[in-house]
Amino acid sequence: MLRLAIDANEANTTQRVGSNVYAFQLLTALESLTQSLPIETTILLAQPPIAALPKARQGWQYQVIQPTKFWTQWALPLYLYRNREHFDVLFTPGHYAPRFSPIPYVSAVMDTAYLEYPQQFTMRDRIQLTKWTEYSVKKASHVITISQHAKQSIVRSYKLPEEAVSVVYPAAVPTSEELTEAERSQFFSTHTISEPFILYVGTLQPRKNLDVLISAFESFSKQLGRTKLHSPQGARYSAAPTLVLAGKIGWLADSILERIEQSPFANRIITPGFISDAEKKALYKRALCTTLIGLHEGFGIPPLEAMSYGCIPVVANATSLPEVVGEAGYIVEPSSTTDLSRTFLEIAQLNARHKAILTKKGREQAAQFSWHTSAAKLLKVMVQQAKKSNPTLDFSTESSALESSALQSV
């Protein structure tokens, strides 16, 4: 019997972005994967589990640990020490592992932007990310990350052997939720979103390079009046374009908000804040394109989501983003306003045939990433680390079940 412990605090939130999505989807897929396997999993939390997390069952239980303050530094290490005989391996999907762990653990690192672009983080966040991630990585039995680019950065930054880091990709999960036409119309009207619009989904923060995006939108808007455009539904656009920046306000975002206010097109730069999955789906399905030109992205779930809904992605020719979109999107120089605005105009002028070819490629590209496959790879890593730390650990006849079922999908 394999006994797993999982720090699931990253997943235990209703407003999920980035690492929260990664943790939540991996956890959900892992629960499904282990239902018929001889595994006891204990989900460790600082707060009671939200309703969206998998339901407790035999072999899948939740444990709330107090106090919440300095949870990974104090509460979690103490709990693990007291219960060290009950677990074979721990998984933490966030950057921060317990300060001390009496059992081997697998730690996830999303990216190393805090090392490469330190000026784009607050001092407090930069220090915490740098110091806490360093001990988490160096004490880990194994590290997982979300792209080949991120793996190479981790190996280089922390001087780890290649075999100490595994890539466990994110994936897109198209929602079954759908706004009615009346709800969609009301949502667009409330936020004054008119077509054509360019979409950005993600936290508003400096490393997302939103200043360049806003400048490119301004240039695109000036050129658009001389171009005949049609919506994805075939109707002639009758309104000026809008830029939709959908996401929570992040750290150091004041300069971005000021840039929006100073824009001559400020009334057409829309910031609806955090949006639901159904609202996001409605935006993706009607957007001219979606864009992510961040200077450092560990992976880039928004362009993957966009492709799954038939929306054309425009991404930076940097870090992991070309790895995500393959040949299904546009790859631009992230520092070039001219390159980006020219790309927007090119997409706006695509005929129906070329647009259909790109959206087909996008759906095929998105389908290559699967949470089931990623959860199976993570499970295989945890089994290997449990065996490595305790060679006498006997899975007996259950071991063949682990190897022959889910684990063969990786």
Pair up each side-chain donor or acceptor in residues 37-45 with any protein partner under 3.5 Å, not counting sequence neighbours, and list the distances.
none

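For residues 34-57, no pair satisfies ring-ring contact (aromatic ring centres under 6.0 Å, His included), with sequence neighbours left out. The list of ring-ring contact (aromatic ring centres under 6.0 Å, His included) pairs with a residue in residues 327-357, not counting sequence neighbours, reads Phe220-Phe344. Sorted by first and then second residue, the ring-ring contact (aromatic ring centres under 6.0 Å, His included) pairs with a member in residues 99-124 read His95-Tyr114, Phe121-Trp251; sequence neighbours excluded.
For Ser101 (side chain) and Ile103 (main-chain N/O), a donor-acceptor pair under 3.5 Å exists by modelled atom type. Of the possible donor and acceptor atoms, one in the side chain of Lys139 sits under 3.5 Å from a partner among the backbone N and O of Arg99.
For Asp7, the salt bridge (charged side-chain N to carboxylate O under 4.0 Å, His left out) criterion is met by no residue, not counting sequence neighbours. Glu178 pairs by the side chain to side chain contact (heavy atoms under 4.5 Å, CB included) definition with Lys281, Lys285, not counting sequence neighbours.
Aromatic pair Phe197/Phe188: centroids less than 6.0 angstrom apart.
More than 12 heavy-atom neighbours from other residues, nucleotides or ligands sit within 6.0 angstrom of CD on Gln66. Within 6.0 Å of CD in Gln73 there are more than 12 heavy atoms belonging to other residues, nucleotides or ligands.
Ring-plane geometry between Trp132 and Tyr96 is classed as perpendicular, the angle between the planes exceeding 60 degrees on a 0 to 90 degree scale with a lower cut at 30.
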